[in-house]
Amino acid sequence: MSTDSIRLEPGWKARVGDYLLRDDMRELAVFLRERKRAGAQVFPPGPDIFAAFDATPLDATRVVVLGQDPYHGAGQAHGLAFSVQPGVPVPPSLLNIYAELQRDLGIPKPDHGCLLPWAHRGVLLLNAVLTVEAGHAGAHQRKGWEGFTDHVVDVLNEQREGLVFLLWGSYAQAKGKRIDTSKHRVLKAPHPSPLSAHRGFIGCGHFSSANDYLVRRGGRPIDWSLPPAAQLAPR
């Protein structure tokens, strides 16, 4: 996997670019090419695979949301965990995130599911696995992505201080074992999917807790509101 063709914010490229040159990453690139040649629909589109890093520079990251793998419906995934493009129906997990946001901070549910404004404000929306196949959740697990995103978490843990990690569900919480809780704030809750959201995600208060921590450290709170779809810049 060459870093030359990857759109990666310079700060990230300096810290994680070398990892993409490893043999296991080259094998992952071969696997992705072979799946596409075999007719599989791989999401998100190639230019969007690393979109989370392009949208949220390493040095600007303040909150990290860890997801599992991208949405596997056509037109949904665009490289940001839990986010979909404007005009795409809001997935159930994101509807529950919006419900908790309204309960916690009184922010009304937006008319779209695009979380790019959060990313631009310092919220890294990171999936553990960066690609998936149409209709097959988890299709690209254990193909190499987890090692790369473990490395991303390690870089954040070691080179930054005072970050907030939002770990929703057991998959994200397992990755959270890499985080030094004396340097960062780690908040855990069940996954926001309809299967588990009402077992503790709704009521977790993570949005206000994250902001309280950032402010206590002398930083700015995250603006968790989202503009209406009509105000979002077109792709």
Side-chain angles (χ1 to χ4, degrees), residues 1 6 16 19-20 22-53 55 64-85 88-98 113-115 119 123-154 156 165-179 186-201 204:
M1 187 174 290
I6 294 172
V16 306
Y19 193 98
L20 296 171
R22 288 168 43 122
D23 288 344
D24 52 348
M25 290 289 95
R26 296 180 191 277
E27 291 169 7
L28 172 59
V30 171
F31 166 76
L32 293 173
R33 287 195 296 269
E34 288 177 347
R35 292 304 299 142
K36 290 177 182 178
R37 278 200 296 268
Q41 282 187 289
V42 175
F43 301 136
D48 287 341
I49 290 174
F50 294 93
F53 304 97
V64 182
V65 174
L66 282 175
Q68 189 162 336
D69 58 357
Y71 295 124
H72 54 83
Q76 289 184 305
H78 67 121
L80 307 180
F82 294 105
S83 179
V84 293
Q85 293 282 17
V88 176
V90 180
S93 292
L94 184 52
L95 286 174
N96 284 328
I97 291 171
Y98 287 165
C114 181
L115 303 182
V123 181
L124 179 66
L125 298 163
L126 177 66
N127 278 316
V129 176
L130 300 189
T131 56
V132 73
E133 291 181 21
H136 297 284
H140 292 180
Q141 291 178 10
R142 294 178 293 280
K143 300 299 182 183
W145 282 126
E146 291 93 341
F148 172 69
T149 52
D150 279 350
H151 180 61
V152 170
V153 172
D154 289 344
L156 288 164
F165 289 83
L166 305 184
L167 308 183
W168 298 335
S170 57
Y171 199 91
Q173 288 166 22
K175 218 172 189 65
K177 294 173 183 176
R178 314 178 74 86
I179 301 164
V186 176
L187 300 173
K188 300 177 182 180
H191 195 276
S193 81
L195 298 176
S196 55
H198 293 280
R199 297 204 300 265
F201 178 80
C204 69

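Treat the numbers as computed from the prediction; the structure is a model and nothing was measured.
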Q) Should the pair Y19 and H151 be assigned to parallel (<30°), tilted (30 to 60°) or perpendicular (>60°) ring geometry? A) parallel
Does [X] use its side chain to pair, donor to acceptor, with the backbone of [Y] at less than 3.5 Å?
| X | Y | answer |
| --- | --- | --- |
| S196 | H191 | yes |
| Q141 | V132 | no |
| D69 | V129 | no |
| D48 | G79 | no |

Less than 4.5 Å apart, side chain to side chain, heavy atoms only: is that true for [X] and [Y]?
| X | Y | answer |
| --- | --- | --- |
| F148 | D24 | no |
| H72 | H136 | no |
| L125 | F82 | no |
| H140 | P70 | no |
| Q76 | F43 | no |
| W168 | L187 | no |
| L115 | L94 | yes |
| F50 | V16 | no |

Q: Apply side chain to side chain contact (heavy atoms under 4.5 Å, CB included) to the pair F201 and I97, showing each step before the final yes or no.
A: CA-CA 8 Å; F201 178 80; I97 291 171; 3.9 Å; yes
Working to the nearest 0.5 angstrom, can you tell me the gap between [X] [atom1] and [Y] [atom2]?
| X | Y | atom1 | atom2 | result |
| --- | --- | --- | --- | --- |
| H78 | Y71 | NE2 | OH | 9.0 Å |
| L166 | K188 | CG | NZ | 12.5 Å |
| E27 | K143 | CD | NZ | 11.0 Å |
| H198 | S193 | NE2 | OG | 10.0 Å |
| T149 | D154 | OG1 | CG | 10.0 Å |

Q: Quickly, which of I49, L28, L32 forms a side-chain contact (heavy atoms from CB on, under 4.5 Å) with L130? Name it, please.
A: I49
Q.
Could you report the tightest heavy-atom contact between A189 and G200, atom names first, then the distance?
A. CB-O, 4.4 Å
Q.
The test is side chain to side chain contact (heavy atoms under 4.5 Å, CB included); show your working for E146 and Y171 and say whether it passes.
A. CA-CA 11 Å; E146 291 93 341; Y171 199 91; 3.2 Å; yes
